[in-house]
Structures are given as structure tokens and as C-alpha cells.
Protein chains: 4
Amino acid sequence: MPRRPPPSRRRAPRQERAQATCDAILTATARVLLKDGYEAASTNRIAQEAGVSVGSLYQYFPSKEGLVTALMEQHRARGLADFEAGLVPLASQPLPVAMRALIRQVIMVKRENPRLHQVLHELMPRMRQWGLSDIYSQRLFRLVRAFLAPRFEELRPRNLDMAVFVLVNAVEALCHTAVTDRPDYLEDESFVEEVAALALGYLRPEPATAAPRRTARERVVRM
Amino acid sequence: MPRRPPPSRRRAPRQERAQATCDAILTATARVLLKDGYEAASTNRIAQEAGVSVGSLYQYFPSKEGLVTALMEQHRARGLADFEAGLVPLASQPLPVAMRALIRQVIMVKRENPRLHQVLHELMPRMRQWGLSDIYSQRLFRLVRAFLAPRFEELRPRNLDMAVFVLVNAVEALCHTAVTDRPDYLEDESFVEEVAALALGYLRPEPATAAPRRTARERVVRM
Amino acid sequence: MPRRPPPSRRRAPRQERAQATCDAILTATARVLLKDGYEAASTNRIAQEAGVSVGSLYQYFPSKEGLVTALMEQHRARGLADFEAGLVPLASQPLPVAMRALIRQVIMVKRENPRLHQVLHELMPRMRQWGLSDIYSQRLFRLVRAFLAPRFEELRPRNLDMAVFVLVNAVEALCHTAVTDRPDYLEDESFVEEVAALALGYLRPEPATAAPRRTARERVVRM
Amino acid sequence: MPRRPPPSRRRAPRQERAQATCDAILTATARVLLKDGYEAASTNRIAQEAGVSVGSLYQYFPSKEGLVTALMEQHRARGLADFEAGLVPLASQPLPVAMRALIRQVIMVKRENPRLHQVLHELMPRMRQWGLSDIYSQRLFRLVRAFLAPRFEELRPRNLDMAVFVLVNAVEALCHTAVTDRPDYLEDESFVEEVAALALGYLRPEPATAAPRRTARERVVRM
DNA sequence: TATGAATGAGTGTTCATTCAT
DNA sequence: TATGAATGAACACTCATTCAT
């Protein structure tokens, strides 16, 4: 029982001019969102910024909600496509190599336009409230799952779904939080190393507790 | 150039009755925020829910912003105090034991009132926008730093600040995301195990890689 | 299954000042409706005319619809009360006397403020569209029915309900149309006579048609 | 100071195709008016329903107002023509026969498309507001007047104009109100009888007050 | 001639905040 | 101190109409 089709578009632009208008509006939305945040971003303001009239805005987008949703979708679709494109050549790489590359890519993407990423990120709860299922998260999840599945036997975790949940969310959160709280980390190669260490340390089988016998106490402490 | 003092309180309640009013308002704010979200939570509505007049509300809080800030502060102060209280007896425990205990505690706290946690979490960007520095995050950071510092020598990471950043944010994000996306995980003991594995795997020294010598480059690449 | 309670009031005014505001708004509504008609009567315009802010308007009335409904109700309640008051002393009067008096009263009422009557009359379809059942029409119907019932035996019509429908609507329509199309009739005593003749001629038993007997069919056809 | 010529048409369609377009628009207007009412009937919506562009609509009609006026005119012209056609063969019939036939016809016409009749009826005040004189009412009036004039000597009323006003408006109102409030009456042959009784009772000379003499007082009372 | 993209004034309504009582 | 009536700027959104193509 689907609630309603994603109300992000009202009608497809037929003429070339219309497509341009449509794009201008979306771009302006991003700009205004950046400058003023969601609340302060009025549709009139956005239209003005786009150099069109409010009427035109509502010709292509059914509501402010829909407009923002459309922007979000565009953004996430691109992000996901990039991610997938980056993932393909890494399929055959050793895990550590691939992991570092992926993390680096995630950071690069966010570094491109940190404010936009941040703003859209903060918009996500609202989207959920609007009843939009987050198909992009699901696709990302499936992508990572497919990437991990072939090597899962050699890794420590036994619950693939949970492992993907842990990895995806931890990495995403770290990269995102860095944008906001520690932008310097984004430029710091050792940050990539640490995030990779987190991911790889999570997946790596625990060390066969070797030779010299230890008391339980020692074993626990030493880790 | 100090922005302005945190605008959370207009004036301290002197009389007992006033304190009660103040509490009632804060409680009502939480209730309304839960039910309706931030936008739909009007000050009139909150006052009504608290059983006082809007006028009274504005006697104790200078603005809606201030009201929400006060609630947030109360909430975070409590959370931090709890965390600190839980941390003390763990100082002498082996790391894995302590880590599991801490993670369990974080989850428990969120499980208590997931919706409130979620709502307040989603309010944080707005706080930042209001120019409030997040002193609680800083204190949490210092707490964990102090907890980790004595054992840091035996652990893998070499940058303590970055390690704390990584751990705090990864754990927090996982627990928080689980509230929203996978509430079932909150009841699942194996989720605690996985989050602990993530943290401990991150801190654990890499296994002494035996025999054949490698170049630094190689070492970095392999897992 | 009643759709919703008549949405005419938001909250009752407690203080004296509030009651005054409320009245001022209703009065202003009538004034603006008169001048500009329903569509052109914006709520901001009405508030201005009432000398209050829009906000106050919406404190007492939940919507433009509700505001107009309230005005209509006030108006019709008064009209009906007047009608009932006029009807009581006529109960014992001979029918023709009573009928003329009633018609005269209906005309008088409309003559008092013809434009307002007209505007509100034209608003009625919209009310129906809003799903408001017209309780005043029903009460009027019952009133007239009760007035007619005791003498119904001596009258021609055999279906009391239909007779009331015919009388009420014919008289009302004539008086109303006269307001719009022939205001001069409202001042013309012979118009009262004619409307009364219409009503009485309708109720009066057909003259005993003398001599040659006829079939039922024939009787229906002849005059 | 002539207001302006009836703004119902912008220019007469010359080509056949143009006439078809014009008709399509008018038909669509009726359809949309039926479905959505006047306010909700936007010109874009109407154009869409007609399968043409808004631009084309404005090529044939100067405004929404004009469009609706044109529809109204078409509709009333037809109604009047029908009425006139029905009237001709009745000229030589006895009054009661003719009256019943006419009333029956009025009801039939409304029964055909009750919603459209209702919608257009409710639009009439707006037309008046637009400054359009209602030439169809006038023609109807003249038609009925001409019908009644030859027999007027034998009837009770002494003011022909007023009698026509009373008859036309009473019959019209009853039939129209029945459409809205008592659609069952439209199917009820006895309703025709009652309306006819109303009209004929109005026209019929008062019964020759027979034999036993009465005081004026008595006469009035007795009816 | 037909199209449909573009316009923008104008609408109903909300809500944080003030201040007379 | 407490009240709650009053405020009014601001918002999302519509729709009759125009005009470049």
C-alpha cells in the first residue's frame, strides 16, 4: 500500500527552455538552502534566485517539499552512481586496498561541496517524516553487501547484514562528522588510514591467541 | 567576538513555584516536540500543554530558540552525567569489558526514550546554526580521552585525539542510526558485540605479521 | 455520520474586549461582503475593515469559510426568531389575515437590508457545498407545517409536506426576487396582495363545480 | 456611459475548424463546471479538458468571465427556444391544460441535466455583478405575458406585469428548488399538479360569494 | 494559427512575540 | 506575577492571463 508516488516532480519539461528553467530552479534551491537553511528558504526567494517567477517553480514542482525532494534525489542518485562506478574496478582488489580507495572516495565526494552535503544530510529526517522511503540508502546497502559477500567467509563477522550496517554507517558518519566538526581531517591522509583501520579491524579475524599460554585475565587485558 | 551568551534562560526562577512552572514548561516542550516535531511545536501549544499562559513561558525563556536550547542542555547534561557516572567504575576494568559496558550503556540510554533522543538529535544542526557551541560534545570527548589515555601506549593508534574522534563518533552514530533504522538491533545482544568489535578492532595492534619482510608500502596495503 | 461540526467558531471570547473584537469582525464581514462580494472579500481586508489584525480574526474563526458561516448563522437565527415571534400571535387568526401578515413580515425583513439578504442568499449554495446542513430551513419548514396543520382539513392540498414546500419556497422566492429585480414591488401594497392571493389560491378548495358531472380525468384537467 | 459590450466572445470563428474548437471549449467548460464548480474551474483546466491550449481558449474568449457568459447564453438561448416552441401549440388550449404542460416542460428540462442547471443558476448573481443584463429573463417574461394577455380579462389579477412576475418566478423557483432539495418531487406527478394548482389558483377568479350574504369581515375570514 | 511556458499579484493562514489588564 | 488577546510579517501556493516561438 504505497502512500503516494514521490511528489518530487509535477510535470516533465517538454521544450528546451523548460528544461533550462527546471535546472535553474534546482540549482537555485541548492544555493538558497546553503545560504539560509531549509526554513528560511522560501519558494519565492528560490524563484527569485533562479531568475524565474514562483509560478514557474510550481509548474515543475508540486510543493516546496517536492522541490527539495527532487534536489535530494538528484544529489543522491549522482552520489550513488559515483560510488558504484568507483566500486567496480575495486572488486578484484585486496580488501585493504579497496577499502582505502572507497573511503578516500567518500571523503572526496564530501569535500567537493561540504556545505551542500551537510545541508542535505540535515534534511533527511524531514524526508523520512514526509514518508519517502530512502531507496538510495537501500541501494548503497546492497552494493556494499554484494562487494563484501564473496570474501565474507574469510572475515570475522558472521552476520553479513549487520556487518554492512555497521560498516556503512560508521564510515559515513565519520566522514560526515568530519565535514562539520573537523574539516582539517578531510585533508589529512592519516584520517583515511584511521577510518580504514576501523573498517578493516572490524572485519579482520581476531588474532589466533598464540603460543605462550596466558591466564584469562591476561588475555582479556592484552587484546 | 563572542556571539552572545547562550540564550537559554531569561532569568533564574527565584521562588519554588517559579521553578515548578519552569520545569512544567520544559517537560511540556519535550512532550510537544515528541508529538509534533519542532516546526509544529508552537509556543502557544507548549504553554497550553504546560498549563500556563504564553506570557509565563516568555517570562522564563527569551524565545522559542532559547526554550529548546534549555531543554537540549538539560537533556545533554543528564546524559553526560550518566555517562561519566558509568565510566568511573570502569576505569580499572580491562578495555574489552569496559568497552562493552559503555556501548551497552549508550544503547540503554537511547532505548529509554528513543523518540526524544531522535528529535533532539535532529535539532542539533539548528543549535549549531544558532551559534551555540556544543560544550557537551567537548566534555564527552575529554572524558573518553581521559579514559583512553592511560592505556594508549599499548594500543595501535598513534593520534589520541583522532582516535577519540573516530571511536566516539562511530559508536554514537551506530547506536543512533539503529534507533531510527533498525530498532530490532537495540534488543539484539550481538549488535553490542559487533559495535564492541568495531571499537576494539580499531584499537587493537595489528597482528605481528610474521616472517617475510616487507616494505613499508606493502605493510600498509595488506590487511 | 455527520461530516464535521459546523466550523463557524474557533473559541468563545472570554473577556469583554474579546467579545467586542468578535462582533467587530462579524460586522466588518457583512460590510465587506456587501461591498465586494465573497471572492473579493479577503480575510486581510475584513480584518482591516474591522480594525483588528488578521491574527485576531483567526483567533475567533477557524477559516474564511467559518467566518462566513458564523455570519450566516447569526443572520438566519435572527430571521427565524423574528419569524417565529411574528407567527405566534397569528395562530388564532383567520388564514387570510395571518397569511398577509406573514408575507408582509417577510418583505419587511428583506427590505431592512436588502443587499445583505441578497449576498447571504447567494452564499447559500457555497454553504451547501461546505457540507453544512441547513437547519434553519428545516426549522422554518417545521414552523410553517405546525401553523398549517390544524387547519389542513379544510384546505385543498392533501399532502401537507408538499404544500409547505410549495408555499415556503414560492413566497420566499418571490420576495427575494423582488429585492433584486423589482425593488419597487417591495413598497407596493398590491404586491403583498398578489403574493397572498398566490398562497391562498393554492390552499383554497376548488369551487364546487356545478351541474354536469365529470369523470375524474376531466376534473383534473379543468381549472 | 455604456459599460461595455457583453464580453462573451472575442471574435467569431470564421473557419469550420475554428467553430469546432469553440464548441469543444464550451462543452468542456460545462463539464468542468459540473465537476468542480466555478471557482475550481481554472481556464487551464478547461483548455486541457477541451484538448486545446490555454492560448487557443483566449483566442476565442476574452476572459474566464466571457467564457462562462457565453456558455450561459448558449444554455439560456436554447432553454428559451424550447420554451417558446412548447408554448406555440398551447396558445389555443384551455389555460389549465396549457399550464400543466408548461410546468411539465420546465421540470423536464431541468431533469435532463440537473447539475448543470443548478451550477448555471448559481452563477447568475455573478453575471449580474458583471453588469450583464439578463435579456433572456426579459424575453421569457414577454413570452409569458403574450401568452396570458388574451385571456387576462377572465382572470383575477388586474396587473398583468405583476402577475407574470409572480407566476414566472414562483414556478421557476419551485422547479429549481426541487432539483436541489427534493429531487424526488421531480419524478412525482402530484408535484406537477400542485405547482399547477398554485398557478391556476392564483389566476382563478375568487369564487362568486354565493347566496347568503356576508359582511366584508366574514368574507375575508372565510376565504 | 496554435502552443504552452512564463508571469506575479494576490490568497488564506500561521505563529513567535508583545503588552494592557 | 500571570494572563491571554492582539499583532502582523511572512509563508506556501494558485490561476487568469500574456506572448515568444
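Lettering of chains follows the sequences in order, A, B, ..., and the numbering in each one begins at 1.
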So how far is it from [X] [atom1] to [Y] [atom2], rounded to the nearest 0.5 Å?
X	Y	atom1	atom2	result
C:Lys64	C:Tyr38	NZ	OH	4.5 Å
D:Tyr60	D:Leu67	OH	CG	13.5 Å
B:Lys35	B:Arg115	NZ	CZ	12.0 Å

Taking atom CZ of C:Arg128 as the centre, does the number of heavy atoms from other residues, nucleotides or ligands within less than 6.0 Å exceed 12?
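Buried by this count: over 12 neighbours within 6.0 Å.
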Can you find a side chain N or O atom of [X] that sits less than 4.0 Å from OP1 or OP2 on [N]?
X	N	value
C:Gln59	F:dG4	no
D:Tyr60	E:dA2	yes
D:Ser53	E:dT3	yes

What is the base-pairing partner of [N], counting Watson-Crick and G-U wobble geometry with both distances under 3.5 Å?
N	result
E:dA9	F:dT14
F:dA9	E:dT14
E:dA20	F:dT3

Value in whole Å for how far the [atom2] atom of [N] lies from [atom1] of [X]:
X	N	atom1	atom2	result
B:Gln48	E:dC15	CD	C1'	14 Å
A:Leu57	F:dT14	CG	P	11 Å
B:Glu65	E:dC15	CD	P	17 Å
B:Asp36	E:dC15	CG	C1'	14 Å
C:Ile46	F:dG8	CD1	P	18 Å
C:Glu39	F:dT14	CD	P	17 Å
D:Tyr58	F:dC15	OH	P	12 Å
B:Asn44	E:dT13	CG	C1'	15 Å

Between D:Gly51 and C:Lys64, which has a closest nucleotide on DNA chain E that is more 5'?
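By nearest-heavy-atom nucleotide position, the 5'-most residue is D:Gly51.
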Pairwise 5' ranking along DNA chain E for C:Tyr38 and B:Val54, keeping only the more 5' one:
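Comparing both residues, the 5'-ward one is C:Tyr38.
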Looking across every strand, which nucleic acid part, if any, lies under 4.0 Å from [X] by heavy atom: base, sugar-phosphate, or nothing?
X	answer
D:Thr21	nothing
C:Ser56	base
B:Thr43	base
C:Ala41	sugar-phosphate

Just by distance, no angles: are the side chains of D:Asp23 and D:Gln19 close enough, under 3.5 Å, to form a donor-acceptor pair?
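There is such a pair (donor and acceptor under 3.5 Å, judged by atom type) between the side chains of D:Asp23 and D:Gln19.
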A:Arg126 vs A:Met72, side chain to side chain contact (heavy atoms under 4.5 Å, CB included): CA-CA, chis, key distance, verdict
CA-CA 11 Å; A:Arg126 234 179 286 255; A:Met72 183 76 106; over 6 Å; no
Of A:Ser42 and D:Gly55, the one whose closest DNA chain F nucleotide lies more 5':
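Per heavy-atom nearest nucleotide, the more 5' residue is A:Ser42.
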